[in-house]
Amino acid sequence: MISEVTSVSLLVFLVLTVVLIGGAALLTGRALARAWRPIWQVVLSCLGLGLVDRFFVYALFEGSLVSVSGYMFDTLVVMGIGILSYRIVHVSVVVRQYPWLFDRSSLFSYRSRH
């Protein structure tokens with residue numbers, strides 16, 4: 001299934017897209033959350049990381065460069081990793097910065113103390 005969409009094997013998808021490019025998205029989301037940047041910057045950055053992923057698939061593994069479905073699938077995976085990372089770090093930063101205003105209610109959310 002994945003090889004039909006991304007034009008590479010499952011192993012290449014897991015190592016390249018999830019581990020390498022996903023790791024870059026994780027660090028991007030973390031850095032943008034710590035700098036109090038808006039979440040749309042994570043989305044924009046992940047669109048670029050999706051292009052990098054597609055180029056690496058083409059250059060290193062003879063995959064299709066212009067596969068729209070492959071780009072969309074890879075970018076959605078990378079974007080999911082980046083947004084999750086952003087949200088987890090953002091909640092941590094808000095709760096740590098303003099402990100008198102907010103309590104952590106879950107890994108992804110916080111609530112007002114009042």
Side-chain angles (χ1 to χ4, degrees):
M1 162 76 183
I2 288 183
S3 62
E4 295 171 0
V5 175
T6 63
S7 73
V8 292
S9 69
L10 177 63
L11 180 63
V12 170
F13 170 77
L14 290 175
V15 171
L16 182 66
T17 303
V18 176
V19 174
L20 292 177
I21 304 298
L26 185 128
L27 294 173
T28 300
R30 183 176 153 206
L32 291 174
R34 285 182 150 183
W36 293 88
R37 301 286 185 214
I39 198 165
W40 64 264
Q41 289 185 359
V42 176
V43 172
L44 214 63
S45 298
C46 288
L47 290 173
L49 287 172
L51 290 172
V52 170
D53 180 65
R54 191 75 338 225
F55 176 74
F56 283 165
V57 164
Y58 167 73
L60 300 175
F61 302 104
E62 299 177 0
S64 175
L65 180 63
V66 292
S67 171
V68 176
S69 63
Y71 170 73
M72 289 178 58
F73 184 75
D74 292 347
T75 302
L76 286 175
V77 169
V78 169
M79 201 174 293
I81 294 169
I83 290 172
L84 283 175
S85 169
Y86 176 89
R87 187 63 189 168
I88 290 169
V89 173
H90 178 74
V91 168
S92 296
V93 167
V94 168
V95 170
R96 188 174 48 240
Q97 184 82 24
Y98 303 107
W100 64 92
L101 291 176
F102 301 107
D103 282 328
R104 181 185 293 271
S105 59
S106 74
L107 186 63
F108 302 108
S109 65
Y110 53 90
R111 63 174 176 260
S112 176
R113 282 185 176 245
H114 303 283

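Keep in mind that this is a model prediction, so the values were computed, not measured.
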Just verifying a value: how many Å separate [X] [atom1] and [Y] [atom2], rounded to the nearest 0.5 Å?
{"X": "L60", "Y": "F55", "atom1": "CG", "atom2": "CZ", "answer": "8.0 Å"}
{"X": "L20", "Y": "F56", "atom1": "CG", "atom2": "CZ", "answer": "8.5 Å"}
{"X": "I39", "Y": "L44", "atom1": "CD1", "atom2": "CG", "answer": "12.5 Å"}
{"X": "F61", "Y": "F13", "atom1": "CZ", "atom2": "CZ", "answer": "13.0 Å"}

With sequence neighbours excluded, residues passing side chain to side chain contact (heavy atoms under 4.5 Å, CB included) with [X]:
{"X": "S112", "value": "H114"}
{"X": "V19", "value": "none"}
{"X": "I88", "value": "L107, F108"}

Should V8 and V15 be regarded as members of a common hydrophobic cluster, given that ILVMFWY residues are connected when their side-chain heavy atoms come within less than 4.5 Å of each other, either directly or indirectly?
no
I'd like to know if V42 and I21 are part of one continuous hydrophobic network [Ile/Leu/Val/Met/Phe/Trp/Tyr, side-chain heavy atoms within less than 4.5 Å].
no
Ignoring hydrogens and angles, write down the donor-acceptor pairs under 3.5 Å from the side chains of residues 71-85, residues two or more places apart or on other chains.
residue : atom : partner : partner atom : Å
Y71     : OH   : L47     : O            : 3.1
D74     : OD2  : R54     : NH2          : 2.9
T75     : OG1  : Y71     : O            : 2.6
S85     : OG   : L26     : O            : 2.8
S85     : OG   : R30     : N            : 3.4

Run the salt bridge (charged side-chain N to carboxylate O under 4.0 Å, His left out) test against R96 and tell me which residues pass, sequence neighbours left out.
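Scan of R96 (salt bridge (charged side-chain N to carboxylate O under 4.0 Å, His left out), adjacent residues dropped) gives none.
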Shortest non-hydrogen contact between [X] and [Y], atoms and distance:
{"X": "S105", "Y": "R111", "result": "CB-NH1, 3.2 Å"}
{"X": "S67", "Y": "G70", "result": "OG-N, 3.0 Å"}
{"X": "R104", "Y": "S92", "result": "NH2-OG, 2.7 Å"}
{"X": "Y58", "Y": "G63", "result": "CD1-O, 3.4 Å"}

Under a 4.5 Å cut-off applied to non-hydrogen side-chain atoms, are T28 and L49 in contact?
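Side chain of T28 against side chain of L49, heavy atoms only: contact under 4.5 Å found.
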In the hydrophobic clustering (ILVMFWY, side-chain contacts below 4.5 Å, transitive), which residues join F102, or is it alone?
W36, V89, V91, V93, V94, V95, Y98, W100, L101, Y110
Taking atom CD as the centre, does Q97 end up with more than 12 heavy-atom neighbours from other residues, nucleotides or ligands that are less than 6.0 angstrom away?
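Yes, enclosed.
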Is there a donor-acceptor pair closer than 3.5 Å between any side-chain N or O of S64 and the backbone N or O of S7?
no
